[in-house]
Amino acid sequence: MTVRVRFAPSPTGKMHIGNLRNAFFDYFYARATGGKFLLRIEDTDQGRSTEGSIQNIYDTLRWLGLSWDEGPDVGGPFGPYVQSERNAVYGDYAAKLVSAGHAYRCYCSPERLEAVRKEQTEKKLPVIGYDRHCRDLTETQRAEYDEQGLKPVIRLRIPLESVTVFRDEILGDIEKANIDINPDPVLLKSDGFPTYHLANVIDDHLMEITHVIRSQEWLSSGPIHLHLYQAFGWEPPKYYHPPLILGKDGHKLAKRHGSTTLDEFREKGYLPEAIVNYVTLLGWSYDDTREFFSREEFEKLFTLDKLSKSSAVFDYKKLDWFNGQYMRKLEPADLRDRLVPFMQQAGLFASPPTEAERKTLLDIVPLIRERLTLLSDCASWTSFFFEDVSIADPAELVPKKGTPEKTLETLTALNTSLAGFEGKSEEELESDFKALAEKLGVKLGDLLMPLRVALTGTTKSPPLMGSMLILGKDKVEARLSAAIALLGEKV
RNA sequence: GUCUCCUUCGUCUAGUGGUUAGGACACCGGGUUUUCAUCCCGGCAGCAGGGGUUCGACUCCCCUAGGAGAUGCCA
């Protein structure tokens with residue numbers, strides 16, 4: 001039997017980390033086994049579905065390099081793949097369950113349900129939820145309600161006795177007394193839309209899903225779904241409930257923990273490679289040491305038996321580390337291309353960028369690559385190449401233990417000795433500087449720091465020699481002269 | 001309240017009765033270095049607690065504690 005797995009998000013907002021991790025598990029499992037990966041949109045809540053969510057799902061998955069074999073946009077033999085387009089199907093199956101006695105119509109108003117819950121909570125009753133008020137309505141009672149024009153929901157008739165054993169392939173067998181299962185959950189809402197429970201089970205069956213991978217928040221729904229499969233007389237798929245992803249405080253990862261949507265990570269300058277690698281390793285491991293995996297490697301190596309049981313805290317710092325690692329692995333031209341949009345964003349590059357800008361950035365890449373954590377860090381490291389620098393306070397030119405007078409002397413000496421630097425290599429320049437430092441009786445650092453500030457405007461910059469060579473004679477001389485003038489006023 | 005699941009360094013994890021409990025991030029210290037980084041070396045730090053079972057438990061069982069999830073006409 002060939003593996004068929006699905007990623008089934010609901011379009012209620014932007015793709016976030018928790019969602020995504022399960023998409024990875026689904027996708028990698030399908031690829032590793034030569035199975036099919038399908039995308040299904042679960043938009044059964046009319047109120048919560050939002051415009052653009054589906055597009056965001058597509059964009060995010062594609063950005064990360066995931067492709068699906070069947071889905072709303074690519075079609076497939078089991079469509080449609082959007083649940084709101086399948087409503088007739090659910091209604092029919094719900095009706096079947098009612099006539100078979102596995103489900104029943106409930107006419108209770110949301111208000112009554114709310115009141116029941118409130119009372120149960122106040123009385124601290126062990127079971128809180130629907131009181132099965134309509135479970136055994138007579139024909140006459142039903143007719144009466146229908147006559148009043150009440151729109152019923154359809155509820156699943158959960159047995160009152162006995163125990164259900166639900167098997168999760170990660171956690172093992174889970175025993176649950178039927179009386180503890182969510183009492184008679186709604187299958188079909190009064191608006192005619194199915195609930196998650198119904199739509200999910202029907203679609204997984206009809207789409208011949210073999211493995212359901214969904215996060216642990218669904219675990220308690222497992223027995224409900226099992227009862228549904230039994231009521232339909234269908235064979236359930238295998239279930240895997242990977243643990244949740246948490247924030248630093250141990251609660252489900254949410255906005256307040258920092259970035260959680262993939263759009264945010266993308267905008268901040270994280271690489272898809274780093275995200276794929278880090279996020280997949282949250283709840284999955286290969287062995288005791290290996291932690292670098294490309295998407296292609298996951299597509300070959302992923303197995304469900306290495307999924308872990310306990311929840312994982314999302315560590316932004318480790319993601320940063322991965323990002324830096326991947327940044328340094330990229331080919332210079334590739335890194336440059338990914339940096340360009342961030343340079344435009346920062347207003348340093350034209351849109352579209354000029355050839356000169358692209359060329360210069362490529363020259364700069366070797367100088368800054370190991371200084372970058374995020375793509376967006378690039379602008380602050382390189383702005384001095386593309387804009388004029390300004391030194392707010394001449395004191396910045398003076399090294400820690402130096403004096404303005406000595407610094408002025410140093411800069412002046414530099415100004416004359418720098419003539420003709422352009423033809424030289426970084427190594428030659430360095431030995432020139434060393435010689436000059438010795439001659440002036442200053443440490444190399446105290447020679448270079450004033451120059452660094454003069455040329456870049458800051459005390460932290462990419463390597464100076466390389467930067468000078470890229471900056472070119474004109475800018476170097478102009479900035480050096482400006483610095484000398486500035487410091488001269490002070491002395 | 002009730003039910004279910006989970007529990008190895010601060011964090012992510014390896015580990016399936018006999019290991020000096022391994023790796024990575026973070027952190028601390030040292031080295032390389034023109035700044036900042038990178039890189040290299042070293043260090044700190046863990047089996048939640050208590051009972052069993054066993055010649056022997058991180059590994060198996062029970063209890064306790066802690067955490068999380070569910071308890072919706074949301075998914």
Side-chain angles (χ1 to χ4, degrees), chain A residues 8-10 12 42-45 47-48 106 108-110 113-114 117 120-130 151-155 166 168 171-172 174-177 179-183 185-191 193-197 199-200 214-223 241 243-244 246 248 250-252 278 281-292 306 308-322 324 328 368-373 381 399 430 433-434 437 443-449 451-453 456 458-465:
Chain A
S10 37
T12 52
E42 308 217 327
D43 57 345
T44 55
D45 186 342
R48 292 212 314 154
C106 166
C108 295
S109 66
L113 262 19
E114 187 48 45
R117 247 189 307 272
Q120 289 165 332
T121 310
E122 280 167 4
K123 288 186 178 171
K124 299 192 171 172
L125 295 183
V127 180
I128 294 174
Y130 181 51
K151 282 263 182 219
V153 302
I154 292 178
R155 289 180 181 273
F166 174 78
D168 176 272
L171 270 11
I174 293 164
E175 290 190 20
K176 186 127 174 170
I179 199 68
D180 290 324
I181 295 175
N182 183 6
V186 172
L187 300 178
L188 202 68
K189 308 177 211 176
S190 55
D191 64 3
F193 275 78
T195 60
Y196 171 82
H197 301 302
N200 186 262
R214 64 180 18 168
S215 66
Q216 243 173 56
E217 53 196 326
W218 292 110
L219 194 56
S220 57
S221 298
H241 290 90
L244 266 15
L246 313 176
K248 263 258 175 283
H251 287 82
K252 220 166 108 175
Y278 176 67
L281 255 22
L282 238 34
W284 186 82
S285 62
Y286 180 70
D287 62 15
D288 57 340
T289 48
R290 183 168 174 190
E291 59 182 352
F292 277 99
K306 302 290 281 182
S308 71
K309 292 181 176 186
S310 49
S311 37
V313 174
F314 192 90
D315 185 350
Y316 288 86
K317 285 196 172 170
K318 186 141 190 186
L319 207 214
D320 283 349
W321 177 78
F322 266 112
R328 277 158 231 142
I368 59 166
R369 62 186 321 176
E370 60 276 345
R371 267 157 269 262
L372 302 178
T373 299
W381 281 107
E430 189 170 342
F433 281 124
K434 280 181 178 157
K443 285 189 291 184
L444 184 61
D446 289 346
L447 173 72
L448 261 19
M449 187 51 83
L451 181 60
R452 181 185 312 282
V453 174
T456 71
T458 69
T459 55
K460 295 177 185 178
S461 82
L464 248 198
M465 324 296 159

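Numbers restart at 1 for each chain; the letters A, B, ... are given by sequence-line order, proteins then strands.
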With both distances under 3.5 angstrom, what nucleotide forms a Watson-Crick or G-U wobble pair with G1(B)?
U71(B)
With a 3.5 Å limit on both atom pairs, tell me what U32(B) is paired to, counting Watson-Crick and G-U wobble, or say none.
none
Using Watson-Crick or G-U wobble geometry with both distances below 3.5 Å, tell me the partner of A57(B), or none.
none
Under 4.0 angstrom between Ser285(A) side-chain N/O and A14(B) OP1 or OP2:
yes
Length of the NZ-P vector between Lys248(A) and C27(B), whole Å:
11 Å
Any-strand Watson-Crick or G-U partner of C44(B), both distances under 3.5 Å:
none
Criterion side chain to side chain contact (heavy atoms under 4.5 Å, CB included) on Lys317(A) and Trp321(A), from CA distance to verdict
CA-CA 6 Å; Lys317(A) 285 196 172 170; Trp321(A) 177 78; over 6 Å; no
Between G49(B) and U16(B), how far apart are the two C1' atoms, rounded to whole Å?
23 Å
Are any of Lys189(A)'s side-chain N or O atoms less than 4.0 Å away from OP1 or OP2 of A75(B)?
yes
Only pairs with both distances under 3.5 Å count, Watson-Crick or wobble alike; so what is the partner of U19(B) in this structure?
none
I need a per-nucleotide contact map over nucleotides 59-68 of chain B, read 5' to 3'. Cutoff is protein heavy atoms under 4.0 Å; write B for the base, S for backbone only, - otherwise.
---------S
Determine whether Gln120(A) and Val127(A) make a side-chain contact, defined as any pair of heavy atoms from C-beta on separated by less than 4.5 Å.
no
Does any non-hydrogen side-chain atom of Tyr286(A) lie less than 4.5 Å from one of Lys306(A)?
no
